[in-house]
Amino acid sequence: PEPTLLFDRLGEPSDWMLKTAAAVILVDVACSDGRVTEAELESICISLEENLALSPGKVTELIEVASAAVEDRQRVRDFVRMVALRFTPE
């Protein structure tokens with residue numbers, strides 16, 4: 001299959017850590033101006049629900065984990081590296 005957020009470039013299903021990595025990256029970008037607005041957070045939640053086929057409860061869980069992770073720049077870099085290794089730029 002073509003790489004998506006549900007499958008990597010090898011056609012393997014994305015695991016929970018990759019879904020967490022996607023959430024970390026989105027939250028990190030939203031935090032780049034020093035705060036996350038309600039509109040940004042809502043947009044992230046909708047994107048995660050739709051693109052990762054997650055329930056609202058799982059999205060809430062991901063957002064909590066991602067919000068804690070963005071406090072540690074090394075953890076953010078580790079998540080970005082994980083995504084880069086499993087997915088193509090497309």
Side-chain angles (χ1 to χ4, degrees):
E2 185 173 317
T4 66
L5 289 177
L6 296 176
F7 297 95
D8 68 16
R9 63 181 165 188
L10 302 175
E12 297 295 320
S14 299
D15 59 19
W16 185 250
M17 285 305 293
L18 282 171
K19 292 174 182 178
T20 302
V24 168
I25 292 167
L26 291 171
V27 171
D28 187 52
V29 170
C31 289
S32 65
D33 64 356
R35 63 186 176 87
V36 179
T37 66
E38 283 298 317
E40 289 171 323
L41 188 58
E42 183 177 342
S43 179
I44 290 169
C45 289
I46 290 169
S47 180
L48 292 172
E49 280 182 44
E50 292 177 356
N51 292 299
L52 299 180
L54 295 172
S55 69
K58 287 293 184 186
V59 169
T60 299
E61 188 178 333
L62 275 178
I63 294 296
E64 289 173 1
V65 170
S67 296
V70 298
E71 299 298 321
D72 180 347
R73 299 310 308 159
Q74 183 58 49
R75 286 185 70 196
V76 173
R77 284 190 292 276
D78 291 344
F79 280 117
V80 170
R81 189 175 312 115
M82 180 188 316
V83 170
L85 290 172
R86 294 269 306 264
F87 292 88
T88 64
E90 295 81 36

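Remember, it's a predicted structure, so these values are computed and weren't measured experimentally.
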Applied to residues 23-41, the side-chain hydrogen bond (donor to acceptor under 3.5 Å, both in side chains) test, sequence neighbours excluded, yields Asp28-Arg73, Thr37-Glu40
Those residues at least two apart in sequence (or on a different chain) that pass salt bridge (charged side-chain N to carboxylate O under 4.0 Å, His left out) with Arg75 are none
Rounded to the nearest 0.5 Å, the CD atom of Gln74 sits from the CZ atom of Arg81 at a distance of 6.0 Å
When rounded to the nearest 0.5 Å, the distance separating CD1 of Ile25 from CZ of Phe79 is 9.0 Å
Query raised in the report: Taking Ser43 for the side chain and Ala39 for the main chain, is one N or O donor matched with an acceptor at less than 3.5 Å?
Result: no
Separation between CG (Leu54) and CH2 (Trp16), nearest 0.5 Å, reads 5.5 Å
Please table the atom pairs, donor to acceptor, closer than 3.5 Å between any side-chain atom in residues 62-71 and protein atoms at least two apart or in another chain.
unit_1: Ser67; atom_1: OG; unit_2: Ile63; atom_2: O; d: 2.8

Here the pair of heavy atoms bringing Ile44 nearest to Leu26 is CD1-O, 3.7 Å
Co-membership, hydrophobic cluster, residues Val29 and Ile46, 4.5 Å side-chain = no
To the nearest 0.5 Å, atom NZ of Lys19 lies from atom CG of Asn51 at 11.5 Å
So for atom CD, which belongs to Glu42, do other residues, nucleotides or ligands contribute more than 12 heavy atoms lying within a distance under 6.0 Å? no
